[in-house]
Amino acid sequence: MGDGGPARPEPETRRPLARLPLRHRPRPEESGLPVLHVLTGFLGAGKTTFLRRWLDFLHGRERYTGVIQNEFGEIGLDAALMRGDTQVEALDEGCVCCSLADSLRPGLLRLVESMPAEQFILETTGLANPANVMASLAELSDIVRPGLVITVVDALDLTRAGDAGLRGVRRAQAERADVLVVNKADAVEPAALEALMERLRALNGQALLLPARHGSIAFAELDAFHSAWLDRRGTPPSHRPTLPRLGEAVTHTEEGYASAALRLSGPLSEADVRALIEKAGPGLARAKGVIDLVTGEGIVPAVAQYAAGRLAFEPAPEDEERYLVFIGTDLTLPETAPGDPASGRLE
């Protein structure tokens, strides 16, 4: 007390008031910027099929979505297959996770300006490492806000390959995903599918796992998962800064992948296509293109798709040039296709 009169009360600890004027912290969706989801997955896993099913779901609810699409090699088939589904900006002749990083901003700006939308989807090449893509996306915060990283994996391919399947780029794609779409789930036995799901859970315990058949999933569940992250006012785990782990930044160049384009001027039979696939060697991971297919009913334009040991044909879009693209390691291709004077070349 002392002689100086009554003691002064101790000053209160200052506490900031959360709701002072001008102290509002906007939720991400209040920024006005569209969301950019990243769709990745290894060669032939079924990314484009999944994307078309997803767009059907979104557009059916009047949530129009643009696509920026990247393919490995000089010729882009997937953008042609997407024609009519939505507005597509194609980035070809390189991989967005390395050589095309500088093209992503102008390509995305063109898409945003031509198609005002609440969200966009970046479909990467099957050889892209999402860890490297994230570095490019961090520089686009003035154009878009971060969405989910969705990785499509091939159940048939991974069950056949066993533990050797989830290595390199495949492993990096699965580890960085917020959502793992396990495609071709109907092509494997239930016990094998469950074993694969357990392996994926052990590799990435925070990702949502969704089995898919012909690219279709419970899209409402995917919507709810994304909304949950928005409600938490956070960003999905894929966008959080992390210290790189050993092997996380692996690239397709380090694994020896290359692309070879064989341009065609004559028709091919299914046997001709299988012969080219066989000749390409054991390192072939993916083959696709537009051909004039010889059938018992005549010659018809067809899209040829090969992955994980399966060759399939479907109707081709109109006015496409004829070619086959092969992607893999240590490829061996002839200078010309069977009965075709047109020349092929390695990239």
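Looking at every heavy atom in both residues, V273 comes nearest to I291 through CG2-CD1, 3.8 Å. Of all heavy-atom pairs spanning S141 and L33, the tightest one is O-CD1, 3.3 Å. For the pair T159 and A155, the tightest heavy-atom approach, listed with the atom from each and the gap, is OG1-O, 2.8 Å. Heavy-atom minimum distance, L324 versus A304: CD2-CB, 4.1 Å. Here the closest non-hydrogen pair linking A185 and P211 is CB-CB, 4.1 Å. In plain terms, the two heavy atoms of R53 and S216 that are nearest each other are CD-OG, 3.5 Å.
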### Task
Let me see the working for L58 and F219 under side-chain contact (heavy atoms from CB on, under 4.5 Å), right down to the final yes or no.
CA-CA 9 Å; L58 294 170; F219 287 103; over 6 Å; no

### Task
Given side chain to side chain donor-acceptor pair (under 3.5 Å), test T40 with T151 step by step and report yes or no.
CA-CA 5 Å; T40 188; T151 297; 5.2 Å; no

### Message
Between E278 and R274, does the salt bridge (Lys or Arg N to Asp or Glu O under 4.0 Å) criterion hold? Intermediate values first, please.
### Response
CA-CA 6 Å; E278 183 69 23; R274 291 189 181 278; over 6 Å; no

### Task
Any chance you could lay out the side-chain contact (heavy atoms from CB on, under 4.5 Å) test for L122 and L108, step after step, and finish with the verdict?
CA-CA 9 Å; L122 168 62; L108 187 55; over 6 Å; no

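At a threshold of 4.5 Å between non-hydrogen side-chain atoms, the residues L209 and N204 do not count as touching. No side-chain heavy atom of V35 sits less than 4.5 Å from a side-chain heavy atom of F120. Using a 4.5 Å heavy-atom threshold, the side chains of E118 and P34 count as separate. Residues V188 and L196 have side chains not in contact (no heavy-atom distance under 4.5 Å, counting atoms from C-beta outward). With contacts defined as side-chain heavy-atom distances shorter than 4.5 Å, the pair E175/P130 does not qualify. Within the 4.5 Å cutoff, the side chain of V169 has no heavy atoms near those of the Y257 side chain. Side-chain contact between V182 and M197 is present, with at least one heavy-atom pair separated by less than 4.5 Å. Looking only at side-chain heavy atoms (C-beta outward), V294 and L268 stay at 4.5 Å or farther from each other.
Both F57 and L148 are assigned to one and the same hydrophobic cluster, defined by single-linkage of ILVMFWY side chains at heavy-atom distances under 4.5 Å. Grouping the Ile, Leu, Val, Met, Phe, Trp and Tyr side chains by contacts below 4.5 angstrom, directly or via other members, places V133 with I143. Linking ILVMFWY side-chain heavy atoms closer than 4.5 Å, directly or via other members, places V144 and L137 in a single hydrophobic cluster. Under the 4.5 Å side-chain heavy-atom criterion for Ile, Leu, Val, Met, Phe, Trp and Tyr, V181 and L156 are members of distinct hydrophobic clusters. Using a 4.5 Å cut-off between side-chain heavy atoms of Ile, Leu, Val, Met, Phe, Trp and Tyr, with links allowed through other members, V153 and V38 fall into different hydrophobic clusters.
H37 contributes no side-chain N or O that, together with a main-chain N or O of V149, makes up a donor-acceptor pair within less than 3.5 Å. Under the 3.5 Å distance criterion, the side-chain polar atoms of T125 are left unmatched by any main-chain donor or acceptor of A128. At least one donor-acceptor pair under 3.5 Å links the side chain of Q173 to the backbone N or O of F42. Between the R110 side chain and the R105 main chain, no donor and acceptor come within less than 3.5 Å of each other. Using a distance-only test at 3.5 Å, with no hydrogens or angles considered, no donor-acceptor pair links the side chain of D292 to the main chain of R322. Using modelled atom types, no side-chain atom of D223 and backbone atom of A220 make a donor-acceptor pair closer than 3.5 Å. Between the side chain of R263 and the backbone N or O of Y323, no donor-acceptor pair lies under 3.5 Å. In this structure, D178 contributes its side chain and A207 its backbone to no donor-acceptor pair below 3.5 Å. Counting only distance, with no hydrogens or angles, the side chain of R171 and the backbone of L203 share no donor-acceptor pair below 3.5 Å.
Taken from CG in L51 to CG in D56, the straight-line distance is 9.5 Å, to the nearest 0.5 Å. Within the model, atoms OG1 of T332 and CG of L284 stand 10.5 Å from one another, a figure rounded to the nearest 0.5 Å. In this structure, the separation between CZ on F50 and CD1 on I217 is 4.0 Å, given to the nearest 0.5 Å. In this structure, NZ on K47 lies 6.0 Å from OG1 on T124, to the nearest 0.5 angstrom. Annotation: the span from D186 atom CG to L193 atom CG amounts to 9.5 Å, rounded to 0.5 Å. Distance check: L140 CG to L104 CG gives 5.0 Å after rounding to the nearest 0.5 Å.
Judged purely by distance below 3.5 Å, without hydrogens or angles, the side chains of Q305 and R286 pair a donor atom with an acceptor atom.
In this pair, H59 and Y64 present their aromatic rings tilted. The plane angle is within the 30 to 60° band.
Tested against D157, the residues R310, R170, K184 include a single side chain to side chain donor-acceptor pair (under 3.5 Å) partner, R170.
For F313 and Y306, the ring centers sit 6.0 Å or farther from each other.
Using a cutoff of 4.0 Å between basic side-chain nitrogens and carboxylate oxygens, E194 and R201 are scored as salt-bridged.
Around the CD atom of E198, the shell of radius 6.0 Å holds more than 12 heavy atoms that belong to other residues, nucleotides or ligands.
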